[in-house]
Amino acid sequence: MNLFADIRALVVTCLEQMVAENALPEGLSFSNVAVEPPRDASHGDMATNAAMVLAKPAKSNPRAIATLLAQKLKEDARIDAVEIAGPGFINLRLNASLWAGVVEAALRSEGFGRSSLGAGRKINVEFVSANPTGPIHVGHTRGAVFGDALSSLLEFSGYDVTREYYINDGGAQVDVLARSSYLRYLEAHGRQVEFPEGTYPGDYLVQVGENLKAKYGDSLIDKPESEWLAEIRVFATDAMMEMICKDLKSLGVEMDVYYSEKSLYGTGKIESALKELEDKGLIYEGVLEPPKGKKPEDWEPREQTLFKSTDHGDDVDRPVKKSDGSWTYFAPDIAYHYDKVQRGFDEIIDIFGADHGGYVKRMKAAVSALSDGAVPCDVKLVQLVRLFKNGEPFKMSKRAGTFVTLNDVVDQAGKDVTRFMMLTRKNDAPLDFDFAKVLEQSKDNPVFYVQYAHARICSVLRKASEQGVELIDTPQFDDEAEISLAKKLADFPRQVAIAAKAHEPHRIAFYLYELASELHSLWSKGKDNEALRFLQDDKDLTSAKIALPRATAVVISAGLGILGVEPAQEMR
RNA sequence: GGUUCCGUAGCUCAACUGGAUAGAGCAACUGACUUCUAAUCAGUAGGUUGAGGGUUCGAGUCCUUCCGGAAUCGCCA
């Protein structure tokens with residue numbers, strides 16, 4: 001149930017009648033017609049911009065359209081009053097019984113707020129995709145939470161979602177991992193080792209060294225790299241992926257597919273993807289212009305194999321081969337996305353770190369070219385997380401191997417707090433994460449504020465249960481504060497739809513904060529006005545009164561569910 | 001220099017993707033605990049939306065020129 005969608009449907013029906021009666025010309029598009037809560041509650045319950053949006057294409061004036069439309073809307077039983085305001089807004093006041101209907105819907109139907117917006121379309125959400133060379137750190141953590149919540153949001157909205165991790169196990173960085181692991185292996189045999197520039201000194205590889213010793217004994221000692229590199233590479237990446245999966249799991253993230261970059265090499269996959277582009281005339285040998293302005297010192301013109309990404313919206317064409325003939329990183333990525341298209345996904349979402357911003361256009365261009373524009377590809381960039389402790393910035397140094405890992409964060413803040421906090425900012429805005437603040441139990445901390453609202457309701461329900469109150473789905477309320485809360489509940493399906501369309505799960509977090517605020521406000525009003533308390537002397541009255549907070553708990557719980565956060569039953 | 005993102009109250013951020021008088025929290029000030037947990041609530045105050053120009057019924061949002069910040073820019077992934 002989505003009250004806003006229902007009323008919008010009513011508006012469109014009325015408009016179609018007007019077309020039939022020649023009050024509006026035929027062939028108008030109603031796609032811009034919106035039904036929204038007005039910014040100022042005194043204007044009514046809902047407002048539509050229909051008259052203003054249609055005035056121009058209909059070659060009419062907004063007031064005239066509004067007057068006719070208002071008359072038609074008035075005839076519907078759900079509408080109590082219609083006003084035309086300002087330049088042509090139509091403000092609607094809805095029959096009060098509708099708000100009770102919202103509460104009932106939330107209590108009765110499984111999954112209030114769910115929709116079939118996605119219509120079962122297959123959508124691939126690729127996220128995290130951290131190099132398998134070490135533990136994942138805070139930056140990836142934000143990407144992980146964002147991608148997982150976005151996936152849940154899309155599932156909730158009727159998409160068939162695949163969560164996917166692209167393992168970068170094909171490049172030079174896994175050779176570095178193998179060499180670093182070999183050093184730890186020697187160390188496990190009691191050798192003194194040093195970690196030269198260009199190796200990973202982090203102690204997370206100590207255990208890998210031990211495990212290598214257990215598996216290979218001393219058989220690899222003093223052997224040339226050619227004899228052990230490939231084997232250790234596999235051994236070490238497997239170990240890293242195992243660790244990464246475990247970390248992700250502690251955050252509540254589970255992937256459906258782990259896709260290996262390595263599996264694209266030597267299997268003809270890259271070649272066939274590029275062949276596909278070549279057949280479309282998008283691959284050529286050429287020389288790139290140097291970057292405008294600041295020219296690199298060692299720039300010299302070079303002929304390379306290029307992808308004509310400019311045909312699909314990129315600024316310059318992109319090389320797919322290095323000068324030594326090997327593939328650039330872009331080539332397997334093209335093949336990977338070609339594979340996604342071939343697996344039949346209707347939509348693709350990539351979630352990258354902000355440092356990959358320059359990569360967005362070429363990736364979209366590749367997908368556009370490979371699918372002939374049939375598969376939309378949205379790339380979401382996740383900005384940095386700035387860590388603080390009591391307002392003091394945290395120092396991170398990757399070179400010294402002392403970066404803050406997902407593990408550190410989850411250990412200190414917990415899964416639920418971490419997830420919620422990571423979603424309290426738009427994905428493309430930097431996020432401040434203060435270890436002290438996120439655990440604070442105050443209104444300043446949105447996680448707590450929302451959880452507290454849920455816990456308060458649970459407390460009421462426990463008391464009601466002790467008193468043997470029967471749970472019924474028909475609410476009873478008439479006060480402004482109660483109606484205001486019910487209206488907020490009615491907005492949930494709409495907010496979910498907006499968030500799903502925009503690929504912005506953080507909207508759910510904001511919504512929950514506002515909903516919690518409504519609940520706390522109503523709660524406090526019960527102090528002065530006993531009629532607003534949920535627990536009444538009369539048991540039947542209590543039954544009817546607690547329907548509203550119960551519905552609120554259902555919605556908070558559903559919203560938190562999308563974010564992957566457990567609702568709190570009580571605060572301690 | 002090119003590209004992308006960002007700039008909104010003292011601070012941290014919203015603003016339903018072009019809608020009505022730009023909203024919350026923190027900090028400041030005032031008030032409310034014999035209660036369904038005051039871990040909360042109600043109120044006061046705080047603004048030339050970085051600057052200028054343009055598009056139209058209407059701009060924080062779109063186009064443009066500046067200013068300031070971040071990321072990135074052919075053989076790193």
Side-chain angles (χ1 to χ4, degrees), chain A residues 4 32 34 36-40 43 47 49 52-53 55-56 61-62 85-89 91 131 133 168 170-174 261 287-296 299-302 304 306 314-319 321-326 328-330 332-333 353-361 381 383-384 424-426 428-430 432 440-446 448-449 451-453 455-457 459-464 491 494-495 497-499 501-502 504 507 510-511 513-514 517 520-528 530 533-536 542 545-546 549 570-571:
Chain A
F4 288 88
N32 286 332
E36 305 172 333
R39 191 166 276 186
D40 187 337
H43 290 144
N49 59 357
M52 284 179 294
V53 172
K56 198 177 231 177
N61 85 69
F89 282 101
N91 291 326
N131 289 344
T133 55
N168 291 124
Q173 77 283 2
V174 283
E261 178 195 353
V287 180
L288 280 178
E289 294 284 314
K292 287 178 183 157
K294 194 185 65 187
K295 197 186 276 191
W299 178 271
E300 48 186 67
R302 207 174 356 241
Q304 290 171 289
L306 300 167
D314 202 355
D315 307 309
V316 288
D317 292 339
R318 305 293 179 175
K321 273 187 182 175
K322 298 176 192 172
S323 56
D324 66 2
S326 64
T328 62
Y329 179 71
F330 188 37
D333 241 356
D355 54 343
H356 285 57
Y359 213 69
V360 174
K361 279 189 180 175
L381 295 179
Q383 264 292 354
L384 296 174
T424 52
R425 271 312 87 101
K426 234 181 311 200
D428 55 9
D432 289 351
E440 201 173 279
Q441 302 207 327
S442 78
K443 193 178 173 179
D444 197 17
N445 179 355
F448 170 78
Y449 189 74
Q451 291 284 31
Y452 184 38
R456 271 186 152 170
I457 297 168
S459 162
V460 166
L461 295 181
R462 276 193 298 270
K463 292 224 157 96
D491 201 29
R494 187 174 151 273
Q495 289 293 344
I498 291 169
K501 276 183 207 158
E504 292 182 340
R507 288 176 180 279
F510 283 122
Y511 167 79
Y513 186 85
E514 288 168 17
S517 177
H520 288 309
S521 174
L522 174 58
W523 181 287
S524 300
K525 287 204 170 73
K527 274 187 296 185
D528 299 329
E530 293 196 10
R533 294 190 190 170
F534 304 132
L535 298 178
Q536 301 284 336
T542 302
K545 278 285 177 194
I546 59 173
E570 56 186 333
M571 307 307 292

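In what follows, every chain begins at residue 1, and chains take the letters A, B, ... in the order their sequences are listed.
- Within the structure, every side-chain polar atom (N or O) of A:Lys525 is placed at least 4.0 Å from both OP1 and OP2 of B:U40.
- If you take atom C1' in B:C26 and the same atom in B:C67, they sit 29 Å apart, rounded to whole Å.
- Side chain of A:Asn49, nearest nucleotide from B:C26, B:C41, B:G19: B:G19.
- Applying the 90° criterion around 0 to the glycosidic angle, B:U8 comes out anti.
- One P atom belongs to B:G47, the other to B:U8, and the distance between them is 15 Å to the nearest Å.
- Nearest nucleotide to the A:Glu570 side chain, out of B:A77, B:U40, B:U37: B:U37.
- Within the structure, every side-chain polar atom (N or O) of A:Ser517 is placed at least 4.0 Å from both OP1 and OP2 of B:A24.
- Annotation: B:C57 and B:A45 have their C1' atoms spaced 35 Å apart (nearest Å).
- Across all strands, A:Gln304 comes closer than 4.0 Å to base atoms (heavy-atom distances).
- Rounding to whole angstrom units, NE2 of residue A:His43 and C1' of B:A20 are separated by 6 Å.
- A distance of about 9 Å separates the C1' atoms of B:G10 and B:G46, rounded to the whole Å.
- Straight-line distance from the CG atom of A:Asp333 to the P atom of B:C76: 16 Å, rounded to whole Å.
- Candidate nucleotides B:C57, B:U37, B:U35 were compared by shortest atom distance to the side chain of A:Ser459, and B:U37 ranks first.
- Contact annotation for A:Pro549: no contact, since no heavy-atom pair falls under 4.0 Å across all strands.
- Closest to the side chain of A:Gln173, out of B:C36, B:C41, B:A77, is B:A77.
- Side-chain N/O atoms of A:Trp523 include one lying less than 4.0 angstrom from OP1 or OP2 on B:A38.
- Both A:Ala354 and A:Leu288 lie close to RNA chain B; mapped to their nearest nucleotides by heavy-atom distance, the more 5′-ward contact belongs to A:Ala354.
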Stepwise side chain to side chain donor-acceptor pair (under 3.5 Å) check, A:Tyr452 with A:Arg456: CA-CA 6 Å; A:Tyr452 184 38; A:Arg456 271 186 152 170; 3.2 Å; yes
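- Of the candidate nucleotides B:A77, B:C41, B:A20, B:A20 has the atom lying nearest to any side-chain atom of A:Pro38.
- When heavy atoms are screened at a 4.0 angstrom cut-off, A:Ala85 is found touching base atoms of the nucleic acid.
- Separation of the P atoms belonging to B:A38 and B:C29 is 24 Å when rounded to the nearest angstrom.
- When the nucleotides B:U37, B:A71, B:G25 are ranked by their closest atom to the side chain of A:Lys443, B:G25 comes out on top.
- Note on A:Tyr359: a base of the nucleic acid sits closer than 4.0 angstrom, heavy atoms only.
- Counting any heavy atom pair closer than 4.0 Å across all strands shown, A:Pro319 reaches sugar-phosphate atoms only and no base atom.
- For A:Met52, the listed nucleotide lying nearest its side chain is B:G19; candidates were B:U40, B:A77, B:G19.
- Within the 4.0 Å cut-off from OP1 or OP2 of B:C41, not a single side-chain nitrogen or oxygen of A:Tyr452 is found.
- Base engagement by A:Asn91 is indicated by at least one non-hydrogen atom pair under 4.0 Å involving a base atom.
- With both ends at atom C1', the span from B:C63 to B:A28 equals 42 Å, rounded to whole Å.
- Among the heavy atoms of the strands lying under 4.0 Å from A:Glu300 is at least one base atom, whether or not backbone atoms are also near.
- Counting any heavy atom pair closer than 4.0 Å across all strands shown, A:Ala172 reaches sugar-phosphate atoms only and no base atom.
- B:U49 and B:G23: their C1' atoms are spaced 12 Å apart (whole Å).
- Side-chain N/O atoms of A:Lys527 include none lying less than 4.0 angstrom from OP1 or OP2 on B:U34.
- Minimum atom distance to the side chain of A:Lys322 is reached by B:A77, of the listed B:A38, B:A77, B:C57.
- If you check the side chains of A:Asp444 and A:Ser442, you find no donor sitting under 3.5 Å from an acceptor.
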Sequence-aligned protein contact record of nucleotides 4-15 of chain B, with B where the base is within under 4.0 Å of a protein heavy atom and S where only the sugar-phosphate is: SS------SSSS
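- Rounded to whole Å, atom C1' of B:C26 lies 12 Å from atom CG of A:Asn445.
- Backbone-only contact: A:Ile498 has heavy atoms under 4.0 Å from sugar-phosphate atoms and none from a base.
- Toward the 5' end of RNA chain B, the nearer of the two residues A:Gly526 and A:Asp491, judged by each one's closest nucleotide, is A:Asp491.
- Crowding of A:Glu570 atom CD: a count of heavy atoms from other residues, nucleotides or ligands under 6.0 Å exceeding 12.
- Rounded to the nearest Å, the gap between the C1' atom of B:U17 and that of B:G52 is 25 Å.
- The nucleotide whose nearest atom lies closest to any side-chain atom of A:Tyr513 is, among B:A24, B:A38, B:G74, B:A24.
- With distances taken from any side-chain atom of A:Glu261 to the nucleotides B:U40, B:G74, B:A77, the minimum falls on B:A77.
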